[in-house]
Every structure is written in structure tokens, then in C-alpha cells.
Amino acid sequence: ETDMSNARNLSDILNSSGDLLVDNIKVDGNTISSTDTNGNITLTSNGTGDVVIDAADPTLVLEDTNDTGDAFIKFKNNSGTQRGFIQTAMTADVMLFGTGTSEVMRLKDGNVGIGTTSPTTASGFTTGKFVQLRNNGSASDQTDNASMQIASDSRHALLSLKANSGYSGYIYFGDAGDDNTGIIQYNNTNNSMQFNTNATGCMHLNSAGKFTASTTSYFASLQNANNT
């Protein structure tokens, strides 16, 4: 039999607007509290700390009532230090991922930027989909390097460039002034390969494995090498 000696009427804890004013609610030992003036709500678990949404198609919705701000999921330790976050803007198709309080990657308009807030790519490809890895450091030492590694500890490693049968695959070499001054191109239309240096085609390899070069001096150098 339930002890109702300390029970109160619901009307006793409603304000004049009919709002239910409760600082802490406990459900099976888990506490839901709102004890500050900033609108923060804290869920304190007495067990593993898991928050479970159990449904056929579970959805967690973060809605900005102003439609002009950002929505955040922040990860903090017990002392309150932020260790990471996920952030999305209400005014643009962009999502940010960070460690600590610093952004390290963003998804923008379906493109991926790592180390940059405005991901872009080489000339001629900016209207497609792309991934940019950028180091914008200025220490003038090895910490300014940018690299990407594909590794397998026990089998092959593969870098694949796959284009439509009527188009080409490219590898660009460049700098801040010219992002494609050096090019390796494989043309799927005729199965040929071309090598460019200083923005000029210098060697062409056709589908039969025969090559042509832009200057006779190249052939002279090749002949000397073969005669050595």
C-alpha cells in the first residue's frame, strides 16, 4: 500500500501560468535537473551513464528556435573540460567536427575539408565533389607538412583513380601560384598517358606502349642512356 501522507496536489506546485516548476526529477535513481538560469538540463545516471532512445526508428532532434544559430553536441570529462564536439549551422549546409574546442574537419555542401574552413580543390574540378586535406601552419618546419598514407600491414595497398570511359584520370603537381604546373594524365578514351612539366606536355605514351616527346633533345638523352 502506497504511503500518501506526504503527497501534494498538483495545483500546489503550478505557477500562475500553469507551469510545473520542478528543479530535480528522479526516475529509478536517475536525476534530471535544471538548476541554473541558462536553460541547461543535466541528466545524471546512477549506473553506466547510457542514455537510450528505444524505438523502431529512434530520432534525436536538436532544434534552434531562432533559426539563425548553431546546434552542438559537446563531449566533456567529469571536471567540465571539453574534449570534442559536433556542430551544425542552422543557416548553411555545414557540419563541423572538433577535438577540444578546435575544429579539425567539416562537411560543407557535400565536400570534406580537413584543416580548412573553406574546402576547395584544383582548377577545373571545383564544381564537383572533393576532399581537401590542408595544413595552414606557418612554423617553417616539419609541422607545416601535409601528407596522406594508404597502408596495409599484411597485404597490398591501392590508390585508385576511376573516371568515366570518355574522360581522364589526373594527378596534379603545383604550388600557390599554379595548382597544375605538373600533370600525369591517363586518357580513358584512347588508353594513353601524358606527362606535363612546367604546364607543357613533354611526353606521351600511347596504348601500344610507344611514346613521343616534345623535343628531339629528349630522344638524344634517351639514346645516350641506352648506349651507356
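All values reported here derive from a predicted model rather than from experimental measurement.
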Hphob cluster co-occupancy, [X] + [Y], side-chain heavy atoms under 4.5 angstrom:
{"X": "Leu107", "Y": "Leu96", "value": "no"}
{"X": "Val104", "Y": "Phe72", "value": "no"}
{"X": "Val94", "Y": "Phe85", "value": "yes"}
{"X": "Val131", "Y": "Met95", "value": "yes"}
{"X": "Phe97", "Y": "Leu133", "value": "yes"}

* Gln185 vs Asn196, side chain to side chain contact (heavy atoms under 4.5 Å, CB included): CA-CA, chis, key distance, verdict -> CA-CA 8 Å; Gln185 174 189 358; Asn196 292 19; 5.7 Å; no

Shortest non-hydrogen separation from [X] to [Y] and the atoms involved:
{"X": "Ala71", "Y": "Leu62", "answer": "CB-CB, 4.1 Å"}
{"X": "Asn135", "Y": "Asp144", "answer": "ND2-C, 3.2 Å"}
{"X": "Asn164", "Y": "Asn188", "answer": "O-ND2, 3.2 Å"}
{"X": "Ala163", "Y": "Gly169", "answer": "CB-N, 4.3 Å"}
{"X": "Ala157", "Y": "Ile150", "answer": "CB-O, 3.7 Å"}
{"X": "Gln82", "Y": "Gly100", "answer": "NE2-O, 3.0 Å"}

* To do: Give the C-alpha distance, both sets of side-chain angles, the deciding distance and a yes or no for side chain to side chain contact (heavy atoms under 4.5 Å, CB included) between Asn191 and Tyr186.
  => CA-CA 7 Å; Asn191 291 315; Tyr186 189 89; 3.3 Å; yes

* On the 0 to 90° scale, with breaks at 30° and 60°, tag the Tyr170-Phe125 ring pair as parallel, tilted or perpendicular. => perpendicular

Which value, rounded to the nearest 0.5 Å, describes the distance between [X] atom [atom1] and [Y] atom [atom2]?
{"X": "Ser123", "Y": "Asp178", "atom1": "OG", "atom2": "CG", "value": "8.0 Å"}
{"X": "Ser192", "Y": "Lys210", "atom1": "OG", "atom2": "NZ", "value": "15.0 Å"}
{"X": "Phe195", "Y": "Ile183", "atom1": "CZ", "atom2": "CD1", "value": "12.0 Å"}
{"X": "Asp175", "Y": "Asn180", "atom1": "CG", "atom2": "CG", "value": "10.0 Å"}
{"X": "Met90", "Y": "Thr65", "atom1": "CE", "atom2": "OG1", "value": "10.5 Å"}
{"X": "Asn187", "Y": "Tyr167", "atom1": "CG", "atom2": "OH", "value": "11.5 Å"}

Side chains of residues 111-121: which donor-acceptor partners sit under 3.5 Å, not counting sequence neighbours?
| unit_1 | atom_1 | unit_2 | atom_2 | d |
| --- | --- | --- | --- | --- |
| Asn111 | OD1 | Phe130 | N | 3.1 |
| Thr116 | OG1 | Ser118 | N | 3.1 |

* Quick one: do the Asp141 and Thr143 side chains pair a donor with an acceptor below 3.5 Å? -> yes

* For residues Thr200 and Asn198, is any side-chain donor paired with an opposing acceptor at under 3.5 Å? -> no

* Asked: Taking it one step at a time, do Phe75 and Ile86 satisfy side chain to side chain contact (heavy atoms under 4.5 Å, CB included)?
  -> CA-CA 9 Å; Phe75 305 92; Ile86 301 173; 4.2 Å; yes

* Under 3.5 Å: donor-acceptor pair, side chain of Thr181, backbone of Gly174 -> no

* Asked: Judged by atom type as modelled, is there a donor-acceptor pair below 3.5 Å linking the side chain of Asp70 to the main-chain atoms of Gln87?
  -> no

